Peer 1: 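Sharing a structure here in structure tokens format.
Fair warning: this is a prediction, and the values are worked out from it, not measured in the lab. The basis for the numbers below is simple: all heavy atoms, side chains too, and nothing from hydrogens, waters or symmetry mates.
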Amino acid sequence: MKIRPLHDRVLVKRLDEVTKTSGGIIIPDTAKEKPSEGIVEAVGDGFRAEDGKILPMSVKVGDKILFAKWSGTEVKIEGEERLIMKESDILGVIEK
């Protein structure tokens, strides 16, 4: 199934959370926090300005992004969890 977000929204796959600390301590499921990093899987056309022009998106498919913990709306697509969020909810793009 292909999903195309509308306007200034993006479809994000959360990256797996860390299950072990650098010191080797295993973190139980009850203490894990939702990761705030993800990969952009699809983007909308862009934000429509007041004058009617469409401003292009700043992110593209494949970008690794950082977002606030409670950003976006969780959806299940073919049994897998994804997030749909506005581009303004993205805090930054992680570059190598």
Side-chain angles (χ1 to χ4, degrees):
M1 176 187 311
K2 281 187 81 167
I3 300 289
R4 183 178 54 90
L6 298 177
H7 310 297
D8 63 335
R9 289 183 169 73
V10 297
L11 180 69
V12 177
K13 178 181 179 181
R14 258 189 226 270
L15 293 180
D16 293 331
E17 65 269 17
V18 177
T19 58
K20 188 189 284 189
T21 66
S22 58
I25 298 172
I26 297 174
I27 302 170
D29 289 338
T30 55
K32 289 181 187 172
E33 292 185 11
K34 292 184 177 187
S36 56
E37 292 181 11
I39 302 291
V40 176
E41 292 191 329
V43 296
D45 295 331
F47 178 76
R48 185 174 300 275
E50 289 183 21
D51 62 2
K53 292 182 182 176
I54 295 179
L55 304 175
M57 301 288 278
S58 300
V59 296
K60 61 186 179 312
V61 173
D63 280 350
K64 186 176 179 181
I65 61 167
L66 184 66
F67 53 88
K69 289 182 185 180
W70 305 111
S71 295
T73 302
E74 291 185 355
V75 294
K76 270 198 173 185
I77 300 171
E78 294 182 347
E80 294 186 29
E81 288 192 19
R82 297 292 188 266
L83 287 170
I84 294 181
M85 65 180 66
K86 288 189 166 226
E87 184 183 31
S88 60
D89 290 338
I90 297 172
L91 303 175
V93 176
I94 300 170
E95 297 177 344
K96 295 180 182 176

Peer 1: As a test of understanding, state which of E37, E74, E81 forms a side-chain hydrogen bond (donor to acceptor under 3.5 Å, both in side chains) with R14.
Peer 2: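 Between R14 and the candidates, side-chain hydrogen bond (donor to acceptor under 3.5 Å, both in side chains) is satisfied uniquely by E74.
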
Peer 1: Above 12 or not: heavy atoms from other molecules or residues under 6.0 Å from CZ of R9?
Peer 2: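 Open: at most 12 neighbouring heavy atoms sit under 6.0 Å from CZ of R9.
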
Peer 1: To check you understand the geometry: which heavy-atom pair defines the closest contact between F67 and L91, and what is its length?
Peer 2: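 Closest pair (atom of F67, atom of L91, distance): C-CD1, 3.7 Å.
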
Peer 1: Do V10 and P5 touch side chain to side chain, with heavy atoms closer than 4.5 Å?
Peer 2: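 Side-chain contact under 4.5 Å: no.
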
Peer 1: Quick one: are E87 and V43 in side-chain contact, heavy atoms under 4.5 Å?
Peer 2: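 Not touching, per the 4.5 Å side-chain cut-off.
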
Peer 1: Heavy-atom distance under 4.5 Å between the side chains of I90 and M85, does that happen here?
Peer 2: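 Heavy-atom side-chain distance check passes, below 4.5 Å.
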
Peer 1: For M57 and G44, work out which heavy atoms get closest and say how close.
Peer 2: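 Reported closest heavy-atom pair: CG-O, 3.4 Å.
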
Peer 1: To the nearest 0.5 Å, how far apart are CG in D63 and OG in S58?
Peer 2: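 Here the rounded value is 10.0 Å.
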
Peer 1: How far does CG of D45 sit from CG of L6, to the nearest 0.5 angstrom?
Peer 2: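 Taking CG in D45 and CG in L6, the distance rounds to 8.0 Å.
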
Peer 1: V93 and V40: same hydrophobic cluster, using ILVMFWY side-chain contacts below 4.5 Å?
Peer 2: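 Both belong to a single hydrophobic cluster.
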
Peer 1: Could you walk me through whether L11 and I77 pass the side-chain contact (heavy atoms from CB on, under 4.5 Å) test, one step at a time?
Peer 2: CA-CA 11 Å; L11 180 69; I77 300 171; 3.9 Å; yes

Peer 1: Check the pair E41 / I3 against side-chain contact (heavy atoms from CB on, under 4.5 Å), numbers first and verdict last.
Peer 2: CA-CA 9 Å; E41 292 191 329; I3 300 289; over 6 Å; no

Peer 1: If you take all heavy atoms of S71 and L83, which pair is closest and at what distance?
Peer 2: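 The pair with the smallest heavy-atom distance is O-CD2, 3.9 Å.
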
